[in-house]
Amino acid sequence: MLEDNGSIFNTSSDTEVVLHLIAISKARPFFLRIVEACEKLEGAYSMVFVTEDKLVAVRDPHGFRPLVMGRRSNGAVVFASETCALDLIEATYEREVYPGEVLVVDKKDGVQSVCLMPHPEPKQCIFEHIYFALPNSVVFGRSVYESRHAFGEILATEAPVDCDVVIAVPDSGVVAALGYAAKAGVPFQQGLIRSHYVGRTFIEPSQKIRDFGVKLKLSPVRGVLEGKRVVVVDDSIVRGTTSSKIVRLIKEAGAKEVHMRIASPPIIGSCYYGVDTPSSEELISNRMSVEEIREFIGCDSLAFLPFESLKKMLGSESPNFCYACFSGKYPVMPREVKVKRVGDFLDDGLNGPMDSIDGGWIQGPRDLNVEKEIDPLYQKSNI
């Protein structure tokens, strides 16, 4: 619509779309342009704008991503995606920005709340508690540390195994591993040491770089692992290649048995709400059973956090979370037929036909792992 009306885009960033919507708005005062722009958006966004004399924070009506407000001792209002950021600048946490809310801050009127639009049932990203947020944050009103510790306890209860030591894939698996070890009554040890000079491997552009990155990123501690039956706790399995390298590293260090425990359910769907996860073609749990994944990564046993146990732990708050990556049920359906670029999944050991790639993009409804009936465009295109 914007391009048809003459907008020229210089990047592929969705933020530029928001700026164009603000630019074409005729609303007054200026912050109402932001409100008008956001009313045209669907999906996930948590944004903060700075104008000449105002600070404006806005969160999407579903509240997919966290956004919190704090205040410094001098009265300055601050916004952040995680509460741990407030601790760094000695700001006091006040509250979340509510789903569908616009907060306008200026010297004259202080903090004013404007309702962006009627908001449906919240759909907060459960992966914030599994992986994204730091353990010392409070996200969606829950302690991330306590959530991850509980995930580990559930795994120890529902997928126990005889072992000598519990280790974590650092850093995101550490708290869940502590929970597993405490519940199982088995010592927790640092069996893998992480280098802090290497970036995330699951978003590296090629498989060879990812493989080398795993070797640089993690080093086994032979004294902890040699001759032991080892439980390895990780937050999730995405492609499966990192997990297979980790199992191999641990076995090369002399471990007698390696048992993988994953503190999330199997990931079967891509995220369309602000996270650069791979396409469903690349997600190993979308292509293989648990036993097939176990064989692929080479461990002696493998267990994921049961989906129903996760929801039971969340209790009455369970309906407020988005589980699309585990269920394939999307609160906001992507509009386009073609979505999510396919990477090098053939190099990941996941055998797929080359004709599943169409100009670098895969077909949306199949990628979403949902029925054809959800998208009239799918039916019309006769894919």
Side-chain angles (χ1 to χ4, degrees), residues 130-131 148-149 151-156 158-202 204 207-264 266-267 284-285 288-305 347-350:
I130 290 167
Y131 175 72
R148 291 180 187 169
H149 200 272
F151 298 158
E153 291 177 339
I154 293 169
L155 282 169
E158 302 205 17
V161 65
D162 291 332
C163 63
D164 305 306
V165 65
V166 176
I167 70 169
V169 177
D171 290 325
S172 50
V174 170
V175 181
L178 289 168
Y180 188 103
K183 193 72 174 178
V186 176
F188 169 81
Q189 300 262 20
Q190 263 194 297
L192 291 169
I193 306 299
R194 185 172 81 89
S195 166
H196 288 263
Y197 310 110
V198 183
R200 295 180 179 178
T201 52
F202 88 100
E204 291 288 356
Q207 186 56 37
K208 288 181 180 178
I209 294 174
R210 281 200 296 273
D211 290 350
F212 186 59
V214 172
K215 291 176 185 175
L216 287 175
K217 192 174 178 178
L218 297 170
S219 301
V221 182
R222 184 172 287 272
V224 171
L225 304 171
E226 197 165 20
K228 303 284 179 61
R229 298 169 299 173
V230 182
V231 165
V232 188
V233 181
D234 201 357
D235 61 276
S236 58
I237 293 181
V238 182
R239 288 182 171 91
T241 49
T242 297
S243 298
S244 66
K245 303 301 181 294
I246 288 168
V247 170
R248 194 172 72 199
L249 279 175
I250 294 168
K251 288 198 170 182
E252 287 173 353
K256 188 161 66 174
E257 296 174 10
V258 179
H259 303 276
M260 290 288 290
R261 294 296 179 266
I262 308 302
S264 71
I267 300 171
I284 193 168
S285 292
M288 297 184 184
S289 67
V290 174
E291 176 58 23
E292 287 170 334
I293 298 169
R294 185 200 67 75
E295 288 183 14
F296 176 79
I297 65 178
C299 57
D300 294 278
S301 75
L302 169 66
F304 290 87
L305 182 72
D347 289 339
D348 278 4
L350 309 180

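Note that the coordinates shown come from a computational prediction; the quantities given were computed from them, not determined experimentally. Quick note: residue numbers are just sequence positions, from 1.
For the pair V233/F151, no side-chain contact is recorded, criterion being any heavy-atom separation below 4.5 Å from C-beta on. No side-chain heavy atom of V166 sits less than 4.5 Å from a side-chain heavy atom of R261.
Taken from CD1 in I262 to CD1 in I293, the straight-line distance is 9.0 Å, to the nearest 0.5 Å. To the nearest 0.5 Å, atom CG of residue L302 and atom OG of residue S243 are 8.5 Å apart. Note that CD1 of I297 and NZ of K245 are 11.0 Å apart. Values are rounded to the nearest 0.5 Å. Put simply, CD1 on I284 and CZ on R239 are 11.0 Å apart, with the number rounded to the nearest 0.5 Å.
Between F304 and S285 the shortest heavy-atom distance is CZ-OG, 4.0 Å. R148 and I130 get closest at one heavy-atom pair: NE-O, 3.4 Å. When every heavy atom of D235 is checked against every heavy atom of S172, the shortest pair comes out as OD1-OG, 2.6 Å. For V232 against I246, the heavy-atom pair with the smallest separation is CG1-CG2, 4.5 Å. Residues A181 and P187 share a closest heavy-atom pair of CB-C, 4.5 Å. A255 and V230 make their closest contact through CB-CG2, 4.0 Å (heavy atoms, listed as atom of the first residue, atom of the second, distance).
Counting only residues at least two apart or in different chains, side-chain hydrogen bond (donor to acceptor under 3.5 Å, both in side chains) contacts with residues 174-193 are absent. For residues 221-234, the side-chain hydrogen bond (donor to acceptor under 3.5 Å, both in side chains) pairs, not counting sequence neighbours, are D164-R229.
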Test side chain to side chain donor-acceptor pair (under 3.5 Å) on S289 and R294; report intermediate values, then the result. CA-CA 9 Å; S289 67; R294 185 200 67 75; over 6 Å; no

Do I167 and V221 pass the side-chain contact (heavy atoms from CB on, under 4.5 Å) test, and can you show the C-alpha distance, the side-chain angles, and the key distance before you say yes or no? CA-CA 10 Å; I167 70 169; V221 182; over 6 Å; no

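A side chain to side chain contact (heavy atoms under 4.5 Å, CB included) with S301 is found for one member of M260, E291, H259 and no other, namely H259.
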